[in-house]
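First up is the structure itself, then whatever we jot down about it.
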Amino acid sequence: MSATPPASLWRRWCAVPLWLQILTGMLLGIGVGLALGPDASALKPIGTLFVNTIKMLIVPLVFCSLIVGVTSMQDTARMGRIGFKSFAFYLGTTAIAISVGLLVGWLLEPGAGLSLEGHDLSAEVKAAPSVMDTLVNIVPTNPVAALASGQILQVIVFAVALGVALVLIGDHGKPAIKVFESLAEAMYKLTDMVMKLAPYGVFGLMAWVAGEYGIDMLLPLIKVIFAVYLGCALHILGFYSLVLKLVAGLSPIQFFKGISNAMAVAFTTSSSAGTLPASMKCASEYLGVNKKISSFVLPLGTTINMDGTALYQGVTALFVAQAFGVDLTWVDYLTIVLTATLASIGTAGVPGAGLVMLTLVLTTVGLPLEGVAIIAGIDRVLDMARTVVNVSGDLVATTVIARSEGEIDIAHYNADMETSAEIASSREAEQKTATQ
Ligand code: ASP
């Protein structure tokens, strides 16, 4: 028997990639909202339900994935020095990336035209604590209470500390690490499941926002896209070029030529984990980095380094603050930098992971989570740019660390693409004969 039309339509809808479904949900939501006007607020509960499901994920996801991120360093304990260098480099560049994001968001004010401040949730914003209080409260007196009440910074601190302790106790830590790895996997799966609801949640929220605020809301979203792309371009072309030139004494142009394939894969797949094979190939084939270095620093970077994601969180957090008329204090800015930097350790290199982590950053400074749903509609476009930065950042770190360890072939690095590939294949042939 042939399928009934609604069933086959549904099947076809399910086959549409998620990002396209979300975009469709957003556009439909805007259309319905504009058509219905304020009556569209009847659709808001669908959005609220989605926001609640995202909220449900935050604490367990962050807790488990951070522990896994930290403990993933343990197999490579013998590479302590390189591990330390990579860790410091990754966290440092991520903190700079988020500052670039905040700066761009502050200068361009993407959310300024969108006044959602009348919205009841802005009442959720807490009075900002003092710097001292923030610093002192970063350590939870009771980690279980921190988990239960969703004190994200405290959860992060406890998770990192527990992860380090699990690594330090060696074999004794392995069973617990296994448990967290398995829980983290389950949380990734659950995130996947929740993200499937995003098109409907985004539909409900966009209908409500468009119904309430009319066409005025479109311009700010275009501004967010522009701000994120501008920030990414500045970070890649400005900051990374400077680091390559000043710290490693290498030509940035050669670098970008060499990693162009990986950048293209990152842009189209929006997954730095999925881009890893292409990055590995670029590092050894075009940049002349010894595989000993790239095979450790790159996978580590894919797990813990998310410069683009952090930058995007800076821009979008400011967007949400501006849209909801929330004034952020400089303690809030510092909190955003700290949270996004630490959160980047626990962000998986898969499409859309940064959006879930955005909820964490917003929660920490008490910004309304409805902002996430507004961003969700355009998230794929933002994801493409931030993944390019994530992958480029991993490759910059690999190149700089290889240079500092004397593990980069400068002639190979400076050769044109064709010669580079030839050098790489003849080296491979040499290695093969050597091992035979
Ligand atoms: N898609 C990004 C990556 O794979 C993560 C994110 O969503 O920000 O690197």
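All values below come from the heavy atoms of this structure, side chains included, with hydrogens, waters and symmetry mates left out. Just so it is clear, the structure is predicted and the values come from calculations on it, not from any experiment. Note that ligands are numbered from 1 as they come in the structure, with each ligand's atoms numbered from 1 the same way.
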Below 4.0 Å from any atom of ligand 1, which residues have a heavy atom? Give them in chain and number order, please. Ser270, Ser271, Ser272, Met306, Thr309, Ala348, Gly349, Val350, Pro351, Gly352, Ala353, Gly354, Asp383, Arg386, Thr387, Asn390

Answer yes or no: is there a side-chain heavy-atom contact under 4.5 Å between [X] and [Y]?
X: Ser404; Y: Lys85; result: yes
X: Tyr333; Y: Trp106; result: yes
X: Lys196; Y: Gln21; result: no

Quick one: which of Asp383, Asn390, Leu358, Thr387 gives a side chain to side chain contact (heavy atoms under 4.5 Å, CB included) with Tyr312? Leu358

Among Val297, Val247, Thr398, Val396, side chain to side chain contact (heavy atoms under 4.5 Å, CB included) partner for Phe89: Val396

Less than 6.0 angstrom separating the ring centers of Phe255 and Tyr240, yes or no?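 No: the rings miss the under 6.0 Å criterion.
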
